[in-house]
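Below is one structure, written out as structure tokens; comments come after it.
All values below come from the heavy atoms of this structure, side chains included, with hydrogens, waters and symmetry mates left out. In this chain, numbering begins with 1 at the start of the sequence shown. Small disclaimer: the values here were computed from a predicted structure and weren't measured.
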Amino acid sequence: MKWIETQAPFDEAMTRMAANAVVAVDTEADSLHSYFDKVCLIQMSAGGEDVVIDPLSGIRLESFGNLLGDPAITKILHGGDYDLRILNRDFGFVVSNLIDTSICAQLLGYEAFGLAALLERHFGVKLNKTHQRADWAMRPLPPDMLEYAALDTHYLIELAGKLRQELEALGRWEWAIEEFARLETVRYEKNEDPEPWRKMKNISGFDRRSLAVLRELHSWRDTHARKGDRPPFKVTGNEQLLEMSKARPVTGADLAKIKGMSKYVVDRYGRELVNIIRAAMAIDESDLPEKNEPKQWLRDRELEARVERMKKVRDKVATELKIDRAVLAPRHVLAAVAATGTYDVPAMREWQKKVLGDTMLAALKK
């Protein structure tokens, strides 16, 4: 494994990597340790060589971007969706001609398709999970963290070859090619959700007042996380936000009774939190947020009945193919087909149409 943090060794490594027909690629970011996450490591393997690159050192990465976009070089990734998004966000890079081993494993019907499970299954290698939640932005990185990072790409090329053989034996390689082509189109999109607090789980039973408290507390947490460049959960956890929104404590003593509330948060932010909750309690009734509306297809009984009939067909086919039902056709795809009565929906893959065939469409007409 070679650690690269200066320009000349990087340029030399990129020349060697670009001379190969197939290159394995991975990245590490610091999303668990900062609010504004960034690419902290780039790992590559090809021709028997593993390199770990430090993109935080100021290296000019244009040649790496050129390699990613070169259609003559196959890039192997595992679970590459996030990698593609952050490489596009931080550097503007796009990837062409890729293979994703996670997608391969899912199309094969593997129950466990994480990299650790695949390496153990095919190579008898057990990954040390100690560094799964490590801070990859720290410098210098100890040797054991660098070795751990290098393993993410070390076996990928050989793994991709094994999975391709299995897919071809089952006649499913064409399925994978279509999925890879879709993945190549992934780009970073800035999400400016005006109500991010609505994405929190377990709020369907909240009344409008509790939703108002949650909205204000969520905004408070996000502001502090941004200022300190910390992930929001390090300010306070989701469970504590939910508990505060339900209990609505208006004194420091009441706040301290919230389940899971740390003494540190009470001591540092107690007065601030109590004031936010009091202000939310004073919001006029007409200005309270509306409750989440159920999805349209859930309110349409006829549409829901069509979806349920389609599910039975999908589940039967998935069982026969021994793949996950959601891989064959997730619920949102079924709902789109049920709504239009055809397979002519953007989310539907060509391979899914062929596999499900006329039987699925016939279920709509019963």
Side-chain angles (χ1 to χ4, degrees), residues 27-40 56 81-82 85-86 88-90 132-139 187-295 298:
T27 66
E28 301 293 347
D30 59 345
S31 57
L32 292 175
H33 299 271
S34 64
Y35 187 92
F36 302 100
D37 67 320
K38 55 192 173 294
V39 178
C40 298
L56 303 181
D81 184 278
Y82 181 64
R85 293 180 194 279
I86 61 175
N88 183 245
R89 178 197 65 192
D90 289 3
Q132 278 188 325
R133 302 174 67 84
D135 182 359
W136 296 105
M138 67 182 288
R139 296 293 185 270
R187 302 288 184 270
Y188 171 71
E189 295 180 5
K190 191 173 183 179
N191 181 18
E192 293 290 354
D193 188 343
E195 296 185 316
W197 53 274
R198 287 194 183 273
K199 293 182 178 179
M200 296 191 69
K201 296 179 180 179
N202 304 318
I203 65 171
S204 59
F206 277 26
D207 60 29
R208 294 177 66 200
R209 183 65 63 183
S210 291
L211 290 177
V213 175
L214 177 62
R215 179 184 64 189
E216 302 308 313
L217 290 174
H218 190 280
S219 176
W220 165 85
R221 183 178 70 170
D222 190 73
T223 298
H224 276 280
R226 282 174 176 267
K227 285 181 178 178
D229 192 17
R230 293 186 293 164
F233 75 87
K234 287 196 174 182
V235 178
T236 192
N238 286 350
E239 288 301 318
Q240 285 67 54
L241 289 190
L242 296 177
E243 291 298 323
M244 283 189 282
S245 301
K246 289 188 291 186
R248 309 170 194 170
V250 291
T251 68
D254 291 337
L255 184 66
K257 296 176 183 177
I258 295 295
K259 182 180 178 181
M261 184 65 68
S262 71
K263 185 176 185 299
Y264 171 81
V265 170
V266 173
D267 290 345
R268 179 166 183 175
Y269 302 119
R271 180 175 297 178
E272 197 174 347
L273 287 168
V274 165
N275 287 338
I276 288 171
I277 294 169
R278 286 175 177 168
M281 294 297 292
I283 294 173
D284 189 87
E285 191 79 18
S286 62
D287 293 327
L288 295 175
E290 297 296 330
K291 296 193 67 173
N292 280 336
E293 291 294 326
K295 301 293 185 183
L298 286 175

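Looking at D135, D30, D90 one by one, the single match for salt bridge (charged side-chain N to carboxylate O under 4.0 Å, His left out) with K38 turns out to be D30.
No donor-acceptor pair closer than 3.5 Å links the side chain of D222 to the backbone N or O of H218. Judged by distance alone, the side chain of T223 and the main-chain N or O of S219 form a donor-acceptor pair under 3.5 Å. H33 contributes a side-chain N or O that, together with a main-chain N or O of R133, makes up a donor-acceptor pair within less than 3.5 Å.
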Walk me through it: do D37 and S34 pass the test side-chain hydrogen bond (donor to acceptor under 3.5 Å, both in side chains)? CA-CA 6 Å; D37 67 320; S34 64; over 6 Å; no
Evaluation steps, side chain to side chain contact (heavy atoms under 4.5 Å, CB included), between V235 and W220: CA-CA 10 Å; V235 178; W220 165 85; 3.9 Å; yes
Check the pair E239 / L242 against side chain to side chain contact (heavy atoms under 4.5 Å, CB included), numbers first and verdict last. CA-CA 5 Å; E239 288 301 318; L242 296 177; 4.3 Å; yes
Could you walk me through whether L211 and L288 satisfy the side chain to side chain contact (heavy atoms under 4.5 Å, CB included) test, starting with their C-alpha distance in whole Å, then the side-chain angles of each, then the deciding distance to 0.1 Å, before giving a yes or no? CA-CA 8 Å; L211 290 177; L288 295 175; over 6 Å; no
Going through the distances and angles, do V213 and M244 end up as a side chain to side chain contact (heavy atoms under 4.5 Å, CB included)? CA-CA 8 Å; V213 175; M244 283 189 282; 5.6 Å; no
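Side-chain atoms of N275 and E272, non-hydrogen and from C-beta on, never get closer than 4.5 Å to each other. Residues F206 and K246 have side chains in contact (heavy-atom distance under 4.5 Å, counting atoms from C-beta outward). Side-chain contact between L217 and T236 is absent, with no heavy-atom pair separated by less than 4.5 Å. Here the side chains of M200 and N238 are in contact, with some heavy-atom distance below 4.5 Å. Counting heavy atoms from C-beta on, the side chains of L56 and R139 come closer than 4.5 Å.
In this structure, CD1 on I277 lies 7.5 Å from OG on S245, to the nearest 0.5 angstrom. The CD atom of Q240 sits 9.5 Å away from atom NZ of K259, with the distance rounded to the nearest 0.5 Å. H224 NE2 to Y35 OH: the interatomic distance, rounded to the nearest 0.5 Å, is 13.0 Å.
The two residues E216 and A280 have their closest heavy-atom pair at CG-CB, 4.1 Å. The minimum heavy-atom distance linking R198 with E290 is given by the pair NH2-O, 2.7 Å. Closest approach of W136 to C40, counting heavy atoms only: O-CB, 3.3 Å. Closest of all the heavy-atom pairs between W197 and R215 is NE1-CG, 3.3 Å. Taking each heavy atom of R226 and F36 in turn, the nearest pair found is O-CE1, 3.6 Å. Of all heavy-atom pairs spanning S31 and P231, the tightest one is O-CB, 3.9 Å.
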I'd like a table of donor-acceptor pairs (distance under 3.5 Å, sequence neighbours excluded) in which one partner is a side-chain atom from residues 250-258, with atom names and distances.
residue : atom : partner : partner atom : Å
T251    : OG1  : D254    : N            : 3.1
T251    : OG1  : D254    : OD2          : 3.0

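Within the structure, salt bridge (Lys or Arg N to Asp or Glu O under 4.0 Å) pairs that include any residue of residues 228-238 do not occur (at least two apart or interchain).
Between D207 and S210, the side chains place a donor N or O and an acceptor N or O closer than 3.5 Å (distance only, hydrogens not considered).
Of the charged side-chain nitrogens involved, at least one lies within less than 4.0 Å of a carboxylate oxygen, so that E285 and R209 count as a salt-bridged pair.
Other residues, nucleotides and ligands contribute over 12 non-hydrogen atoms within 6.0 Å of the CZ atom of R208.
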